[in-house]
Amino acid sequence: MRFITVRDLRSSPAKVWKDLPVEKEIIITNNGKPVALLTPVSDQTMESTLRAVRKAMAASAIEKLQFDARKNGTNMLSDQDVAREIAETRARNKDQR
């Protein structure tokens, strides 16, 4: 996996597009932090690639939610606690309309 800066992408886009099929994935960074992932797609693979990326992002989000729940103890809430929290949140949202 290769890392390139936003500046590299802006100044040498042809090289990036040429290298992408070989590299398979390129991480774009901005100020030293990753901001995007480039991966090659074609007309035939675009939908399946997008579906796979979205599935991976959803799985990652669920994993983070589960980690946070264990960290703050909300993974131990009963079904009644969850139902009460939902009802209270809905009531607050209704009052704010």
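Expressed to the nearest 0.5 Å, how far OG1 of T39 lies from CG of L50 amounts to 11.5 Å. L38 contributes atom CG, which lies 6.0 Å from atom CD1 of I4 (distance to the nearest 0.5 angstrom).
Residues satisfying the side chain to side chain contact (heavy atoms under 4.5 Å, CB included) test with N72, not counting sequence neighbours, are T74. For R90, the side chain to side chain contact (heavy atoms under 4.5 Å, CB included) partners two or more places apart in sequence, or in a different chain, are I86. Listed by chain and residue number, nothing satisfies the salt bridge (charged side-chain N to carboxylate O under 4.0 Å, His left out) test with K94 (two or more places apart in sequence, or in another chain).
Annotation: side-chain hydrogen bond (donor to acceptor under 3.5 Å, both in side chains) contacts involving residues 41-50, sequence neighbours excluded, comprise S42-Q44, S42-T45. Identified under the side-chain hydrogen bond (donor to acceptor under 3.5 Å, both in side chains) test for residues 50-61, with sequence neighbours left out: none. For residues 6-22, the side-chain hydrogen bond (donor to acceptor under 3.5 Å, both in side chains) pairs, not counting sequence neighbours, are R2-D19, T5-D8, K15-D19.
In Q80, the CD atom is not crowded: 12 or fewer heavy atoms of neighbouring residues, nucleotides or ligands sit closer than 6.0 Å. In N93, the CG atom is crowded: over 12 heavy atoms of neighbouring residues, nucleotides or ligands sit closer than 6.0 Å.
Two residues are said to be in side-chain contact when any heavy atoms from C-beta on lie closer than 4.5 Å; V6 and I28 meet this criterion. The shortest distance between side-chain heavy atoms of M1 and I26 does not fall below 4.5 Å. Using a 4.5 Å cut-off on side-chain heavy atoms (C-beta onward), T29 and V35 make no contact.
Listed for the S78 side chain is a donor-acceptor partner under 3.5 Å among the backbone atoms of D81.
Nearest heavy atom pair, residue P40 against residue P21, reads CG-CA, 4.4 Å. Residues R70 and N75 approach most closely at CG-ND2, 3.5 Å, considering heavy atoms.
Criterion: ILVMFWY side-chain heavy atoms under 4.5 Å apart, direct or through other members. Under it, L37 and F3 are part of a common hydrophobic cluster.
For D68 and K71, the salt-bridge test fails: no basic side-chain N is under 4.0 Å from an acidic carboxylate O.
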